[in-house]
Structure formats: C-alpha cells, structure tokens
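Following: one structure in structure tokens, then a few remarks.
First listed ligand is number 1; within each ligand, the first listed atom is number 1.
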Amino acid sequence: MSEQKKVVVIGGGITGLSTAYYLQKEAKEHNLPLNVQVLEGSNRLGGMIETEKKQGFTIERGPDSLLARKPSVFRLIDEVGLTSDLVTVATGKSYVLANEKLHEIPSGSYMGIPVQVRPFVFSSLFSPQGKLRAAGDFIKPKSKPQTDQSLGHFFRNRLGDEVVENLIEPLLSGIYSGDIDNLSLMATFPNFYQLEQKYGGIVRGLQKTVPKPSTNKTGKKPSPFRTLQNGLGSLVEAVSDSLEEGSVQLETSVTQIEKKAERYELKLHNGEVIQADSVVITTPHYAAQSMLSQYSFMDSFKEMPATSVANVAMAFDQSAIQQDINGSGFLVSRNSDYRITACTWTHKKWPHTTPDGKALLRAYVGKPSDQGAVDLSDEEIADIVLQDLNKTMNITQKPEFTVVTRWRDSRAQYTVGHKDRLKQIQADMADELPGVYLAGASYEGLGIPDCIDQGEKAVQNVLDYLKA
Ligand code: FAD
C-alpha cells in the first residue's frame with residue numbers, strides 16, 4: 001500500500017469503534033498510509049452500550065455483563081488501559097420464575113442443558129415426568145443430518161418441552177430476545193448440533209467436552225461474568241479517546257453507497273458525499289440494506305426481523321424490598337403470566353453500582369409475543385414492572401426514580417437459514433462490492449465480544465483488500 005487510502009466505518013457502536021481502533025493500530029504499527037473515519041448517525045457513540053450515573057447509582061441502559069470466557073473484549077479493555085476497572089459478578093445464584101415460584105437454576109448446567117445430572121434430578125424446576133423425558137436424550141438416537149433447524153425444535157426433540165420451557169427457553173430468549181421456535185440453531189449454537197451428531201446426545205456430548213469447572217484459591221468456581229467499575233460506557237469512552245483526533249463524525253447518517261470505478265461514494269443525510277477505498281458497515285441489517293438498496297442481493301435483509309425491548313431500572317431504598325433474595329436475578333418462563341421477561345437484582349449482582357442502603361432492580365419488557373409493551377408510556381411500563389415484581393419480592397414503597405430505555409428493532413433475529421443467507425450476501429458483496437464488509441450484531445453474534453471479533457475480522461479483510 002503506497003498511496004493514502006481511506007476507510008470509512010459506518011456506525012459508532014462497539015463494532016464500529018473496535019474496527020476503527022484496530023485499523024488505526026495496524027496503520028501505526030506497520031506504517032500504513034491509512035485514513036480511518038467513523039460516521040455515526042446519532043449524537044453519541046456506543047450504540048446499545050449506554051451508562052447513566054444518577055444519584056450515586058451506575059445504571060446500564062443496555063448491556064451490563066461481559067462473558068468471561070470470550071477473550072476479545074478483555075483484550076480491548078486491556079488495550080485501552082481499563083483492566084484494573086474490571087469487576088467480577090458478586091453472586092453466582094440465579095433463578096427462573098416458573099409456576100408462579102422462583103426456582104434456583106440447577107448448578108452444573110451449560111446454557112440450561114444438564115452437564116451434571118444430580119442437581120437436575122433434585123431441582124424443583126421440573127416435574128418427575130419432565131426429568132424422565134429429558135433423560136431420553138441418553139437413549140434417543142441422533143437425528144438425521146440437517147442443514148438447519150430451530151433451536152426450539154432441536155432442544156424439544158432431545159430434552160422435551162418442559163426442560164425447554166422452564167429453563168432453556170428463558171435463558172436463550174433472554175440472550176436473543178426472540179422466539180426459540182424461530183431462531184436458527186446453526187447461527188446461534190451450532191456446537192450443540194455437532195455434539196449430538198458426534199456423541200449421539202447433547203448431555204453425553206457436553207459431559208465429554210465441557211471441562212470440569214476449575215476452582216480458585218478460595219475453593220469457589222470462577223464467576224462467568226465481568227463488568228467495568230464505571231459502567232460499560234467507560235469502554236466506549238476509552239476506545240473513542242484512543243482514536244486519532246478527528247476520526248469520528250457524529251450526527252452523520254449514510255443514506256446510500258455507490259460504487260464508482262475502484263472507489264466508493266457515500267451519500268450522507270445532508271447531501272454531502274464522501275469517497276472511500278474501503279467501507280465497513282456496522283449498522284443494523286435494515287440500515288445496511290437501505291444504503292445498498294440498489295443491490296437485490298441485499299433484499300433478504302428486508303425479511304430479517306428485529307425485536308424491540310425496554311429496559312427498566314428502578315432505584316429503591318433497601319427498606320422498600322421486604323423479600324430481598326440472594327442472587328443475581330431471575331428469568332421468567334414463557335408459561336407464566338408475567339409481562340416482564342427477566343429481572344436483575346443489580347445491587348446484589350454488581351454491588352458497586354448502588355449506594356449503601358439502596359437497591360437497584362433492572363427488568364425487561366417486550367417478549368416476542370408482547371412487543372406492544374415497548375410502546376407504552378414510561379408510567380405504564382413502570383406499573384407493569386412493579387406489579388410483576390411485587391408478586392415475587394413484596395415491594396412496599398414507590399421507586400425513588402425509574403429510568404426506562406427503549407431499544408427499538410435492536411435485537412436482530414437469526415431465524416432458521418440465517419447463516420446461509422448471510423453467506424450468500426457476503427459472497428455477492430465480495431463479487432459486486434469488493435472492499436465493502438458487514439460486521440456487528442445483525443450478522444455473526446450479538447454479544448459484545450462477538451461484535452468485537454467481527455470488528456477484528458473486518459480489519460483483516462480491509463487490510464488484505466487494500467494490500468492486494
Ligand atoms: P449498535 O450498538 O447498534 O451500533 C450501531 C450504530 O450504528 C449505532 O450507534 C447507530 O446509531 C449507527 N447507525 C445506524 N444507522 C446508521 C447510518 N445510516 N449511518 C451512520 N450510523 C448509523 N451484550 C453482551 O455482551 N452482554 C450483555 O449483558 C448484553 N445485554 C444487552 C442488553 C440490551 C438491553 C441490549 C439492547 C443489548 C445487549 N447486549 C448485550 C448486546 C450488545 O449490547 C449489542 O449487540 C452490541 O452492543 C451491538 O453493537 P454494534 O456496534 O454491533 O451495534
């Protein structure tokens with residue numbers, strides 16, 4: 001690469017920021033003549049990551065947890081000097097609300113699938129018939145090879161409806177905010193299919209492959225989650241502070257991308273045009289489709305659904321909660337008549353977020369079958385949450401304050417066939433739009449580490465393209 005090249009990153013969420021960060025790092029380390037520009041449509045960086053400080057509380061409007069076993073986010077945290085701010089989750093226990101009662105999630109499970117059988121046998125979460133049906137996984141033959149199927153179909157076939165509805169569904173739909181009977185197995189947990197095919201059953205497969213949990217010096221199992229002392233927004237700030245000055249342009253939406261000979265022209269909302277040699281699109285799929293609407297191969301993104309959720313943080317005096325429970329929170333089984341889908345006892349899970357003597361609860365509304373809840377007023381949403389919480393926790397006072405955040409169309413649904421459709425789009429893009437790449441939550445994983453992985457992959461793709 002001898003002449004100056006310009007790379008435009010569209011979107012300033014964690015995917016776009018990590019892409020820009022690693023591109024600039026590569027340029028510095030290898031003396032590459034690269035100019036990297038991030039164009040963000042809104043007036044702030046971070047996308048779904050947003051931390052608010054209020055009256056001594058640290059409130060996450062979006063994500064609050066980093067999965068400890070996924071390294072890319074911890075690498076990025078280290079790069080920007082925040083490793084000493086990492087905080088480990090304070091309590092390991094969590095619950096599922098099923099049949100109007102809280103049941104502790106049995107230990108020794110992996111994404112709700114039993115690895116150790118004993119805790120499942122003694123769990124109050126399942127009936128004897130449900131447990132017996134789940135044991136069928138040991139004797140049922142492996143299913144016929146399939147290119148894809150829904151998560152619900154796969155797990156129901158192996159473990160039965162009850163284990164799925166009381167544990168696996170609440171866990172997985174908590175992650176994907178979607179209906180597991182529509183979500184793709186191969187785009188979310190292909191490893192379970194591979195275990196079934198290789199070992200004849202998923203429990204047996206997990207028992208053979210999941211390493212026994214190591215214990216730390218105190219004899220406790222290491223906790224699966226981390227966060228940052230000053231909220232995940234501090235990662236967004238640190239990454240954007242590490243970018244070269246002038247790299248980010250806020251309130252700049254890209255409306256159209258056009259190929260012009262060897263370069264690209266990006267049309268902006270204000271009529272301006274920016275030229276680029278390579279482009280990384282890190283926006284949701286529907287925004288990407290609209291920027292490239294002249295290409296029919298992008299049309300399948302029009303059919304790709306996205307669900308909305310509202311996140312409701314409520315601050316209380318500790319005395320308001322008569323029945324405080326020791327644990328990080330609970331998920332709600334789809335068979336219950338609750339409208340909330342989950343509640344985090346944030347003051348227990350992350351004590352550093354809450355002043356002494358106070359409690360901070362965070363609940364979600366917006367099940368796939370109750371999307372209208374997200375459009376209710378703040379007061380109506382707060383009432384729904386309080387009514388539901390009262391059934392389990394006996395809350396005697398009104399919250400000191402409530403923060404409602406709506407994330408509309410934020411949860412891209414990887415429905416059955418997602419991987420193949422994406423592969424086809426990527427192949428068509430490589431043919432017709434060389435040097436343009438997709439990365440982010442709509443494509444190959446929606447956890448923060450998955451987004452950073454995709455950002456790093458896009459960096460490699462851009463460099464390979466520009467060097468060729
Ligand atoms: P986004 O954050 O959506 O960023 C995309 C950016 O593109 C946005 O800033 C948007 O304004 C911009 N944009 C859109 N259109 C245009 C355009 N035309 N031009 C320019 N810019 C544009 N993950 C975890 O790992 N742990 C958790 O605990 C967790 N909890 C979550 C809780 C909630 C409530 C939500 C909503 C998500 C959660 N996630 C969690 C998922 C994770 O936060 C997201 O998947 C991730 O942050 C998405 O990052 P992204 O950069 O791909 O997309």
Side-chain angles (χ1 to χ4, degrees), residues 8-20 37-51 59-70 72-73 89 174-177 224-228 231-233 235-236 239-240 248-257 266-270 274 279-292 306-313 328-329 341-342 344 346 349-350 362-366 374 404-412 414 438-455 458:
V8 172
V9 177
I10 308 175
I14 194 63
T15 309
L17 289 173
S18 51
T19 305
Q37 188 163 27
V38 179
L39 304 179
E40 164 55 45
S42 74
N43 60 4
R44 51 172 281 278
L45 290 174
M48 293 180 220
I49 302 179
E50 190 176 359
T51 305
I59 295 162
E60 294 290 11
R61 286 177 170 270
D64 73 340
S65 302
L66 303 171
L67 203 49
R69 68 184 155 82
K70 297 206 166 180
S72 57
V73 64
V89 74
I175 299 172
Y176 291 97
S177 305
F225 298 114
R226 307 273 186 279
T227 196
L228 287 166
L232 295 181
L235 174 61
V236 170
V239 176
S240 68
V248 174
Q249 230 173 288
L250 295 177
E251 299 187 43
T252 308
S253 284
V254 176
T255 54
Q256 193 84 39
I257 304 175
L266 279 63
K267 295 206 170 112
L268 308 184
H269 69 289
N270 56 8
I274 289 186
V279 182
V280 183
I281 306 173
T282 73
T283 65
H285 57 285
Y286 45 84
Q289 188 279 327
S290 150
M291 283 169 219
L292 292 168
T307 55
S308 305
V309 291
N311 165 349
V312 185
S328 60
T341 57
T344 306
T346 309
K349 184 177 178 186
W350 309 117
R362 210 169 79 123
Y364 288 103
V365 298
V374 178
V404 178
T405 312
R406 293 172 188 75
W407 295 106
R408 289 204 165 86
D409 299 325
S410 58
R411 313 295 272 168
Y414 299 174
L438 294 169
S442 283
Y443 313 107
E444 294 178 79
L446 44 70
I448 293 170
D450 307 311
C451 292
I452 297 171
D453 285 340
Q454 293 176 67

- prompt: Is it the case that Lys349 and Thr227 place a side-chain donor and acceptor less than 3.5 Å from each other?
  reply: no

Rounded distance [0.5 Å steps], CD in Gln256 versus CG in Leu292: 7.5 Å

- line: For Asp453, the salt bridge (charged side-chain N to carboxylate O under 4.0 Å, His left out) test, sequence neighbours excluded, returns none

Under 3.5 Å, N/O to N/O: give me all the pairs between ligand 1 and the protein, one per line with atom names and distance.
residue: ligand 1; atom: 2 (O); partner: Met48; partner atom: N; Å: 2.9
residue: ligand 1; atom: 9 (O); partner: Glu40; partner atom: OE1; Å: 2.7
residue: ligand 1; atom: 9 (O); partner: Glu40; partner atom: OE2; Å: 3.1
residue: ligand 1; atom: 11 (O); partner: Glu40; partner atom: OE2; Å: 2.6
residue: ligand 1; atom: 18 (N); partner: Val254; partner atom: O; Å: 3.1
residue: ligand 1; atom: 19 (N); partner: Val254; partner atom: N; Å: 3.1
residue: ligand 1; atom: 21 (N); partner: Gly41; partner atom: N; Å: 3.0
residue: ligand 1; atom: 25 (O); partner: Ile448; partner atom: N; Å: 2.8
residue: ligand 1; atom: 26 (N); partner: Ser65; partner atom: O; Å: 2.8
residue: ligand 1; atom: 28 (O); partner: Asp64; partner atom: N; Å: 3.3
residue: ligand 1; atom: 28 (O); partner: Ser65; partner atom: N; Å: 3.2
residue: ligand 1; atom: 28 (O); partner: Ser65; partner atom: O; Å: 3.4
residue: ligand 1; atom: 45 (O); partner: Leu446; partner atom: O; Å: 2.5
residue: ligand 1; atom: 51 (O); partner: Ile14; partner atom: N; Å: 3.1
residue: ligand 1; atom: 51 (O); partner: Thr15; partner atom: N; Å: 3.0
residue: ligand 1; atom: 51 (O); partner: Thr15; partner atom: OG1; Å: 3.1
residue: ligand 1; atom: 52 (O); partner: Thr15; partner atom: OG1; Å: 2.7
residue: ligand 1; atom: 52 (O); partner: Ala441; partner atom: N; Å: 3.1

query: Can you find a heavy atom in the side chain of Val279 that is under 4.5 Å from one in the side chain of Ile257?
result: yes

Beyond-backbone contact of Leu232 with Ile14, side-chain heavy atoms, under 4.5 angstrom: no

query: How close do Val309 and Ser177 get, heavy atom to heavy atom, and via which atoms?
result: CG1-OG, 3.6 Å

